[in-house]
Amino acid sequence: MAGESNEVSGGLSRRERVRAGTVEEIKHAALGLIGEHGSANLRFTDIARSMGMTPPALYRYFADRDELLTALVADSYDSLSGALTATRDTVSPDDLDGRFLATCTGYRTWAQRNPERFALIFGSPVPGYAAPVEGPTAVAGRRAMEHVAELVADTAERGRLGSPLVPDAEEAILLAWATVHGFVILEAYGHFDSLDQEARDRLFTVQAGLAARTAGLAPPADRP
């Protein structure tokens, strides 16, 4: 019947839509608190207070803090993966150098625009929390980190892959990512604040070139 709470619309019942909306509201509140106080201090009581709910009510949506953290980490990796794909795809598939630089830039931009998610994934470990082995965070994390590997594979298929700095391909890809990540995390935590934006952009382009050579990719051309 039209007035019942379990009325189906668009594949989800009204009750399911309300529940999904509340879950997203809880995640949003949790990210806000992480931004203010850090992930180590995330507590159900604080989330409930910020939403005008009672702490026991949150347990209808998440079994405990760890389950909520797992959902937030997986969501953050999915957000990162989507950003990398969108940025990479602004460049022609034939411009391999440009696609690599775009991917690196997408990572940097995502970190700047999502400081809470970046800190949740790459910041200090949350005391007492361990992500489930082969759980949603592991799956989402691998998907996000596969972007560089895909670019290397595409370059190899086109016969344009040079010699990486280390002979093992997987290690070379990890080292390339670490080269970019090192810059991004230093910038995210204010260690380059003494430099103006133009200088930071210039240094980042150079760092992306180093990462490209590390993986055997042609270094990206300088771009404004």
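More than 12 heavy atoms of other shown residues, nucleotides or ligands fall within 6.0 angstrom of atom NE2 in H191. Residue R43 places its CZ atom among 12 or fewer non-hydrogen atoms of other residues, nucleotides or ligands, all under 6.0 Å distant. R113 CZ: 12 or fewer foreign heavy atoms inside a 6.0 Å radius. Within 6.0 Å of atom CD in Q197, more than 12 heavy atoms from other residues, nucleotides or ligands are found, so the atom counts as buried in its surroundings.
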Using atom types as modelled, flag every donor-acceptor pair under 3.5 Å from a side chain in residues 173-187 to any protein atom, sequence neighbours excluded.
residue	atom	partner	partner atom	Å
T179	OG1	L175	O	2.8
H181	ND1	Y107	OH	2.5
E187	OE1	R108	NE	2.9
E187	OE1	Q112	NE2	3.4
E187	OE2	R108	NH2	2.8
E187	OE2	R200	NE	3.2

Below 3.5 Å, can you tabulate the donor-acceptor pairs from side chains in residues 55-65 to any protein atom, sequence neighbours excluded?
residue	atom	partner	partner atom	Å
D64	OD1	D66	N	3.2
D64	OD1	E67	N	2.9
R65	NH2	P127	O	3.4

Return a table of donor-acceptor pairs under 3.5 angstrom between the side chains of residues 114-125 and protein atoms on other chains or two or more places apart.
residue	atom	partner	partner atom	Å
N114	ND2	W110	O	3.0
R117	NH1	S76	OG	3.0

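Summarising the geometry, atom OG1 belonging to T214 is positioned 4.5 Å from atom CG belonging to L165; distances are rounded to the nearest 0.5 Å. Expressed to the nearest 0.5 Å, how far CD of E25 lies from OG of S50 amounts to 8.5 Å. In this structure, R19 CZ and S13 OG are separated by 11.0 Å, a value rounded to the nearest 0.5 Å. Summarising the geometry, atom CG belonging to L101 is positioned 12.0 Å from atom CG belonging to L217; distances are rounded to the nearest 0.5 Å. The distance from the CG atom of L72 to the OH atom of Y77 is 13.0 Å, given to the nearest 0.5 Å. Here I26 contributes atom CD1 and I47 contributes atom CD1; the two are 7.5 Å apart, rounded to the nearest 0.5 Å.
Contact record, R160 with D97: NH2-OD1, 4.4 Å, taken as the closest heavy-atom pair. The two residues A48 and T54 have their closest heavy-atom pair at CB-C, 3.7 Å. Of all non-hydrogen atoms in L210 and R213, the two that sit nearest each other are CD2-NH2, 3.0 Å.
With respect to the salt-bridge test (charged N to carboxylate O, under 4.0 angstrom), the residues R99 and D89 qualify. Using a cut-off of 4.0 Å between Lys/Arg side-chain N and Asp/Glu carboxylate O, K27 and E24 are scored as salt-bridged.
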- Query: Would D94 and R158 count as a side-chain contact (heavy atoms from CB on, under 4.5 Å) if you check the C-alpha gap in whole Å, the side-chain angles of each, and the deciding distance to 0.1 Å?
  - Reply: CA-CA 10 Å; D94 294 328; R158 295 167 182 257; 3.2 Å; yes
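Under the 4.5 Å side-chain heavy-atom criterion for grouping Ile, Leu, Val, Met, Phe, Trp and Tyr, V23 is connected to L31 within one hydrophobic cluster. A continuous path of ILVMFWY side-chain contacts below 4.5 Å connects M51 to L68, so both sit in one hydrophobic cluster.
For the residue pair Y129 and T70, a side-chain donor N or O sits within less than 3.5 Å of a side-chain acceptor on the partner.
Looking at F192 and L203, their side chains never come closer than 4.5 Å, going by heavy atoms from C-beta outward. At least one side-chain heavy atom of L84 sits under 4.5 Å from a side-chain heavy atom of L80. D154 is listed as a side-chain neighbour of L96, based on a closest heavy-atom distance under 4.5 Å. Residues D46 and H37 are not in side-chain contact: their nearest non-hydrogen atoms beyond the backbone lie 4.5 Å or more apart. With contacts defined as side-chain heavy-atom distances shorter than 4.5 Å, the pair V91/F100 does not qualify. You'll find the side chain of T87 stays beyond 4.5 Å of the side chain of T103, heavy atoms only.
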